[in-house]
Each structure stands twice: as structure tokens, then as C-alpha cells.
Trainee: 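The structure is given below, and queries will be raised subsequently.
Counting starts at 1 for both ligands and their atoms, following the listed order. Below, each value reflects all heavy atoms present in this structure, side chains not excepted, and no hydrogens, waters or symmetry copies.
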Amino acid sequence: MSPISLAMFLGLLSCSAAARTLKATTRTPSTQTFFPPNSFQTFEGGVDHPLSRRDDASLADSATAYVQAQLQVNSSAVTFKSGYASDIVQYAYVKQQHNNIPFVNSVANVAFKDGKVVSFGHSFSKPTSIASSTPSISIDAAVAAAEKALNGKYNNIPATLEYLVNSDNTASLVHVVQIRNKQNRVWVEAFVDAHSGQLLSTIDLVADAVYRVLPIYKEDLTEGFETLTDPQDLTASPLGWHNDGTTSFTNTTGNNVVAFYNELESATTNQSAPGLVFNYTQDPDLEPAQGMNIDASVTNVFYIINTIHDVSYRYGFTEAAFNFQQTNIQSGGIAGDPVLAFVQLDEGFDNSAFTTPPDGQSGEMALLLWDQTIPMRDSGLENDIVTHENTHGITNRMTGGGTGRCLQIVESGGLGEGWSDTMADWMEQSGPTIVDFYLGTYVDGGVPVRSRPYSTNSTINPYTYSSLLDSGEVHGLGEVWANMLHNVLAALVGAHGFSKTARTDPSGTEGNVVFLHLFIDALALQPCQPDFLQARDAIIQADQNRYAGANKCVLWTAFASRGLGFKAFDYTDDFTVPSGC
Ligand SMILES: *[C@@H]1O[C@H](CO)[C@@H](O)[C@H](O)[C@H]1NC(C)=O
Ligand SMILES: *[C@@H]1O[C@H](CO)[C@@H](O)[C@H](O)[C@H]1NC(C)=O
Ligand SMILES: *[C@@H]1O[C@H](CO)[C@@H](O)[C@H](O)[C@H]1NC(C)=O
Ligand SMILES: *[C@@H]1O[C@H](CO)[C@@H](O)[C@H](O)[C@H]1NC(C)=O
Ligand SMILES: *[C@@H]1O[C@H](CO)[C@@H](O)[C@H](O)[C@H]1NC(C)=O
Ligand SMILES: [Ca+2]
Ligand SMILES: [Zn+2]
């Protein structure tokens, strides 16, 4: 069996498990979109493509020519969707098309380095029948059908006409419309058959953090607050954090994020004193909405999201790589999409979420209160939760070229949860000994929300690749991946030391710098709907691209230590490394 069909198999397994346990399943319509099997190849130093010898070939031309040659299709079947160059690699994302209409779920991605192809992923299909490319029903009729079926409202984002490959390998012509229901936290792309008017399926744009609820444990939150002066990184945010490219603000509005109380975009937090001073003292004895506590939390959330913007920007989550900014300073990407942060959102308790629409539309972070303690606790004051949520935006945007559609199958969603925990883990490590990491210790009254800490000690965290079979739920899968990456981080830091300036200086050679480069680079390389094996391969290829494979054996050894070794397959652990390591 190929890794691909395995991924789908795991997806099926986990659907039934998810239906039993997850809040997400009551929120999400049960109309998941089919994704054709994908494949992913990495080529170490690279292979030639048809236009290799043409110096003036554009990224779009090189990518479409390569895909045509590999898949033996002509130019009418391939369209360039997006692409950009990082400091070392050029990434291209293309789609299958028919009669100039692009496919939703048959896509490809090609990465080039020094004129050679270093990786290629695709989920192109050969449908047995393709619906007529002239719609029989109007967009208005499609909107009405989707609103009715999903009990939500069309949000007026312009509809598109696309082809959707179905599980029976036919291709339907669909109107794609976004439907929201704020009460139920539904926000989906809906695919409505443009001939029959039937809602065929949806893509869920919301990534939830669903946390385990454990006994109450009171804890004071005075530790941790510090007064920071000018934390903004002017390389990543040349306008600072309070200018959106048009206007200067003295509240928590800026180019990267607008942070505000509840759902009132007008309820940003004002400076407490002239000169952009935001000095609000949180009082742990008061409820989150009392005293200065709202302003303290909004200020913290604004600071964290801006910091994540700046750190991830330094490592490659730039405008061209489909990031979140109101105004794009560097070229590439679509502007007008700062993160909107809803602090103390009044839509339930004990949760938080991040929704990632395509590049050009704001990501939305929903931070709820936790009612496990008295007074209640505010997830905006737990940095690892804000970081976790924000990282969903990074991974959903960078995988597959800015569509927000490429971490949808359960195994890919599990990777997404893992990366989100890992980013928080990375942010909180402070020295050359990589310490165990507990996600979510504050909101839940002092009890971590994950089942185990991430650890290099396999007594403390025994999860391996085969543990995926024990969990059908994205956060459970994510724990396995985050524990592997914790071990990869520890191995790289063990090999190359630790940089205390890694958050602002990506030029170092230390292990934590190397780790974050590989983390970000691999997102752009991996295919749409990656599985664990493909995500691992993308990290190893990213090392080839950036460091000429200098860390290849360190990486293999770390992955192999947690069962994702050279011969790992079909959720069976393998602890071996390739020959030469
Ligand atoms: C591409 O192939 C399709 C059938 O596979 C054919 O109908 C079409 O004419 C071809 N177009 C070009 C530009 O060669
Ligand atoms: C922030 O302050 C500006 C005035 O400086 C105001 O126009 C704007 O509405 C405030 N932002 C929000 C989102 O409330
Ligand atoms: C922020 O300041 C403006 C003008 O100084 C004021 O109108 C607004 O009510 C303040 N907003 C909040 C949330 O206090
Ligand atoms: C912040 O406010 C407190 C009082 O609430 C004050 O003691 C402190 O000096 C202020 N800090 C700054 C930097 O303004
Ligand atoms: C791993 O954790 C176990 C349980 O806490 C402990 O007994 C053991 O000494 C640890 N091993 C190492 C190498 O630290
Ligand atoms: Ca953008
Ligand atoms: Zn999450």
C-alpha cells in the first residue's frame, strides 16, 4: 500500500472516533471534501526539468512544464496558481484545470533550487467523466442552497467556479462560496454542484484547539508579566506594530493584527499613556472582564501575535509566502488580511480556535474564557495557547500555496496540531538543555491540557509513529508529531548548541535556528494533505536545500528514535536509519 492510501485509511478510522468525542464534529458539517491520493518525491540535490537549459524561464513556465512532462498532460490541463522565492528555494503551486476551470482538489507543488527540481508533490487525477464547464444554475441559487444546507449565511467573498473530483473519480463543476454561522462557529467553503444545485461537500476553515478538562487548581498569574520596551522587529515589521500602511494608531490596531475585546472590532485597547504605552496591570483576583483585565489581555494578545508575525517572517513566512498583513511591504502575496484577534470571545468556554481563509482574507483567532476556576481564566494570558492558534495560520497558509485547503484530512490536521504545539515549545525553550514542554498549564487550573509533556525521555513520553493507531483525533495525532519534533529540536541543539537570539536572528548556525528554518521551509515543500512520512521527508529535503544535507543523519536518528525511521510504513514503527548514518 502506498503511504497515500494509508493516509486515507487513517482518515476513515478517525472519522468514527471523532464523531464520538469531538466538539468539532457537532460544529462541523458532516460533508467532508474528498481529496484524491497524493504523492510526494524529494530529490536531494535536484533533477532537471524541461526548461532547465533556458535561463529566462519563469517559475510559472518551469513548474507547468515540469508537471506536464511528469504527468504526461498538455498545457491546457495545468495552470499556475501561486509561487514565490525564499532566500534559497523557489516554490510553485499549480492546479489541474479543464476548459480553463481549475480543480479544487487536484493540485501540485514543485520546488526549485539552483535551477533544479528538489521536490514534487501532486494529487492530479484522471476523472472518468467531467461535467460540462457551463454552469446550469446561478451563483445566487448556489448560495441559497448552501445557506439552507449549512444553516449559515454567505459572507459575500466572491464565488468561484471550479472542478471538484469526487471519490468515484468523476469531476463535478461547482460554485465555491463561503458560508458562516457565528453562533455555531461554522465557517466553511461550500462546493455546490453548478448543474444540480446540490451541496456536494465543504472545506472547514476553522482549526480548533479542543482541550481536555481536568480538576480545578488555583494559581496566581503575577509571574511572567514584564515591561518590554520596543519589542517590535523592524526588519519584519518596518512600519512598527501600530501603523497599517495608511494610518497610525494608538490602540491595538496595526499592520499584522487587530486585537480587541469579544467581537467588537471597535473595542481595541487604547494606549494607557501617550507614546504607545500600554501599561495595564492584570489582577488575578478579579474576573477576566473586570478592572484592567480586558486591556491587559488584549495588550498581551496583540504583543504575542505581532511577535509570532515577526519571528516567522524572519524564517520565511513573508508576504510572498502568504502571510497575514494589512499592507504588504515586500512584493508578492495578497494584502488586506491582518489577523483579527477576538479576546474573551463570548461563544462558549474552555476552547480557542484559529480560522484560516485563503491569502487575502483575515485569519481570525477566537480566544475563549476557561471556567474551570474561580475567577475564570483567560486564554489570552497563556502565551502558548495564543502561539498554538497563530501557528495554525502559518501551517495552513504555507502548505499548498496559500489556499488554506491543504491540511484537511485527519492525518494532516494532526500534523497541524503538532506544529502548533511545537512552535510554542520552540518559543519557550531558553537554553541548551531542551526541557520537557507542557502545553496549556494555566488556563486549566494548573493541569496541562495535553496527555503527556513533550520529552526526550521515552518513559515520560512513550509516543511513537505507531501510536497514531491509538488516536483518531487530530490533537492526539498532534501529540505524536509534536513529541517527534521536540526530539528533533533536542537533537539539533545537542549537535549545534543553542542561540538565545534565534527569535530575531535567523542567520545563526545553532540547533534551534536550524530547527525553525527546517520547520518553515518544509511547510512550503510538502504536498497538499501531507502524511507523517511526507512531512518528515520534506524536513529532510529542507535540510538538503538549506544546509546541503549536513543534518541528514541527525534528523533521521531523531525521527527513528520515535518510530518514524527509514522503513516506517503503514503506522508500523521502524527504528532504523538509512545506510551511511
Ligand atoms: C490537450 O489535450 C487535449 C486532450 O487530452 C486535447 O483535446 C487538446 O486539443 C490538447 N491541447 C493542446 C493545446 O495540445
Ligand atoms: C483605533 O484608533 C483609531 C483612531 O486613532 C480609530 O479610528 C479606530 O477605530 C481604532 N481602532 C479600532 C479597530 O477600534
Ligand atoms: C479609546 O480612546 C478614544 C478616544 O480617546 C475613546 O473615544 C474610546 O472610547 C476609547 N476606547 C476604549 C475602549 O476605551
Ligand atoms: C505602569 O503602571 C504602574 C502603576 O499602575 C506604575 O507603577 C508603573 O511605573 C507604570 N510603568 C510604566 C512603564 O509606565
Ligand atoms: C526518564 O524518566 C523516568 C521517569 O520520570 C526517570 O526515572 C528516568 O531517570 C528518566 N531517564 C533519564 C535518562 O533521565
Ligand atoms: Ca496575505
Ligand atoms: Zn489547534
Side-chain angles (χ1 to χ4, degrees), residues 18 22-24 27-28 64-65 67-69 71-79 96-101 106 124-130 133 171 185 204-212 308 350-356 363-368 379 382-397 399 404 407-408 410-425 433-440 443 448-463 471 473-483 485-487 490 494 561:
L22 274 188
K23 287 182 189 173
R27 177 181 57 71
T28 309
T64 49
V67 171
Q68 283 172 50
L71 303 180
Q72 313 223 311
V73 293
N74 67 26
S75 62
S76 69
V78 183
T79 181
Q96 187 166 347
Q97 68 171 5
H98 175 73
N99 285 352
N100 292 319
I101 297 173
S106 283
F124 268 44
S125 48
K126 291 190 174 130
T128 49
S129 69
I130 301 188
S133 52
R185 283 189 295 124
D204 190 358
L205 299 173
V206 184
D208 259 350
V210 181
Y211 298 110
R212 226 159 33 92
I308 303 282
D350 302 338
N351 214 334
S352 54
F354 196 93
T355 303
T356 315
E364 294 194 0
M365 185 182 299
L367 294 162
L368 310 189
S379 47
E382 172 134 18
N383 291 349
D384 53 354
I385 290 185
V386 181
T387 301
H388 173 103
E389 297 308 339
N390 206 156
T391 304
H392 279 306
I394 300 173
T395 56
N396 274 298
R397 281 283 174 84
T399 304
L407 297 177
Q408 291 288 322
V410 174
E411 189 166 346
S412 307
L415 292 167
E417 296 302 335
W419 284 305
S420 282
D421 285 6
T422 298
M423 185 69 89
D425 188 350
T433 302
I434 296 301
V435 296
D436 291 357
F437 179 70
Y438 297 77
L439 186 99
V443 286
V449 297
R450 296 290 187 245
S451 69
R452 304 264 181 173
Y454 301 127
S455 180
T456 55
N457 182 330
S458 52
T459 308
I460 293 172
N461 189 320
Y463 293 143
S471 176
E473 185 273 317
V474 287
H475 300 89
L477 304 184
E479 289 195 38
V480 178
W481 183 236
N483 193 51
L485 293 183
H486 180 89
N487 278 274
S561 77

Trainee: Please tell me if atom 14 (O) of ligand 5 is touched by the protein, where touching means a protein heavy-atom distance below 4.0 Å.
Mentor: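 It does; a protein heavy atom is within 4.0 Å.
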Trainee: Do you know the tightest heavy-atom contact between His392 and Ser420?
Mentor: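 Heavy atoms of His392 and Ser420 come nearest at N-OG, 3.3 Å.
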Trainee: Could you check whether any side-chain N or O of Glu389 sits under 3.5 Å from a backbone N or O of Met365, counting only pairs where one atom can act as donor and the other as acceptor?
Mentor: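 Here the side-chain-to-backbone pair does not exist.
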Trainee: Just checking, is any N or O donor in the side chain of Asn457 or Ser455 under 3.5 Å from an acceptor N or O on the other one?
Mentor: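 The criterion, which ignores hydrogens and geometry beyond distance, is not satisfied for Ser455 and Asn457.
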Trainee: When you compare ligand 5 with Thr459, is there at least one nitrogen or oxygen pair between them that comes in under 3.5 angstrom?
Mentor: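 For ligand 5, there is no N or O atom that lies under 3.5 Å from one belonging to Thr459.
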Trainee: Nearest to atom 4 (C) of ligand 1, what protein heavy atom do you find, and at what distance?
Mentor: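 So the nearest neighbour among protein heavy atoms is Asn74 ND2, 4.7 Å.
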Trainee: Any N/O/S of Asp421 under 2.8 Å from the Zn ion (ligand 7)?
Mentor: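 It does not: Asp421 brings no N, O or S atom closer than 2.8 Å to the Zn ion (ligand 7).
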Trainee: Is atom 9 (O) of ligand 1 in close reach of the protein, with a heavy atom under 4.0 Å away?
Mentor: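 For atom 9 (O) of ligand 1 the answer is no, since every protein heavy atom stays at 4.0 Å or beyond.
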Trainee: Quick one: CG on Asn383 to NE2 on His388, what's the gap to the nearest 0.5 Å?
Mentor: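 Reported value, rounded in 0.5 Å steps: 14.5 Å.
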Trainee: Counting backbone and side chain alike, does His475 bring an N/O/S atom below 2.8 Å of the Zn ion (ligand 7)?
Mentor: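 Checking the Zn ion (ligand 7) against His475, no N, O or S atom falls under 2.8 Å.
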Trainee: Report the atom name of the nearest N/O/S atom of Glu417 relative to the Zn ion (ligand 7).
Mentor: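 Restricting Glu417 to its N, O and S atoms, the minimum distance to the Zn ion (ligand 7) goes to OE1.
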Trainee: Could you check whether any side-chain heavy atom of Ile394 comes within less than 4.5 Å of a side-chain heavy atom of Trp419, counting everything from C-beta outward?
Mentor: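 Contact flag for Ile394/Trp419 side chains = no.
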Trainee: Considering non-hydrogen atoms only, spot the tightest contact between Ala482 and Asp421 and give its length.
Mentor: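 Looks like CB-CB, 4.0 Å.
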Trainee: Check His486 against Thr456 and note the closest heavy-atom contact, atom names and distance.
Mentor: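 Heavy atoms only, the tightest pair is CD2-N, 3.8 Å.
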Trainee: As a test of reading the structure, name the N/O/S atom of His392 that is nearest the Zn ion (ligand 7).
Mentor: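 The His392 atom nearest to the Zn ion (ligand 7), restricting to N, O or S, is NE2.
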Trainee: Among all the protein's non-hydrogen atoms, which is closest to atom 5 (O) of ligand 5, and how far away is it?
Mentor: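 It is Ile460 CG1, 4.0 Å.
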Trainee: Hey, can you tell me if Tyr454 and Phe437 have their rings parallel, tilted or perpendicular (30° and 60° cut-offs)?
Mentor: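 Judged by the thresholds at 30° and 60°, the geometry between Tyr454 and Phe437 is parallel.
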Trainee: Which of the atoms in ligand 1, numbered in the order shown and given with their element, are less than 4.0 Å from a heavy-atom of Ser76?
Mentor: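 The list of qualifying atoms is 1 (C).
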Trainee: Using distance alone, decide if ligand 1 has a nitrogen or oxygen within less than 3.5 Å of any nitrogen or oxygen in Ser75.
Mentor: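 No; the residue has no nitrogen or oxygen that sits under 3.5 Å from a nitrogen or oxygen of the ligand.
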Trainee: Quick one: closest heavy-atom pair of Pro453 and Asp436, and the distance?
Mentor: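 Closest pair (atom of Pro453, atom of Asp436, distance): CB-CB, 4.3 Å.
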Trainee: Any non-hydrogen protein atom below 4.0 Å of atom 2 (O) of ligand 5?
Mentor: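 Protein heavy atoms within 4.0 Å of atom 2 (O) of ligand 5 - there is at least one.
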Trainee: In the protein, which heavy atom is nearest to atom 11 (N) of ligand 5, and how far is it?
Mentor: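 Nearest neighbour among protein heavy atoms for atom 11 (N) of ligand 5, to 0.1 Å: Asn457 ND2, 2.8 Å.
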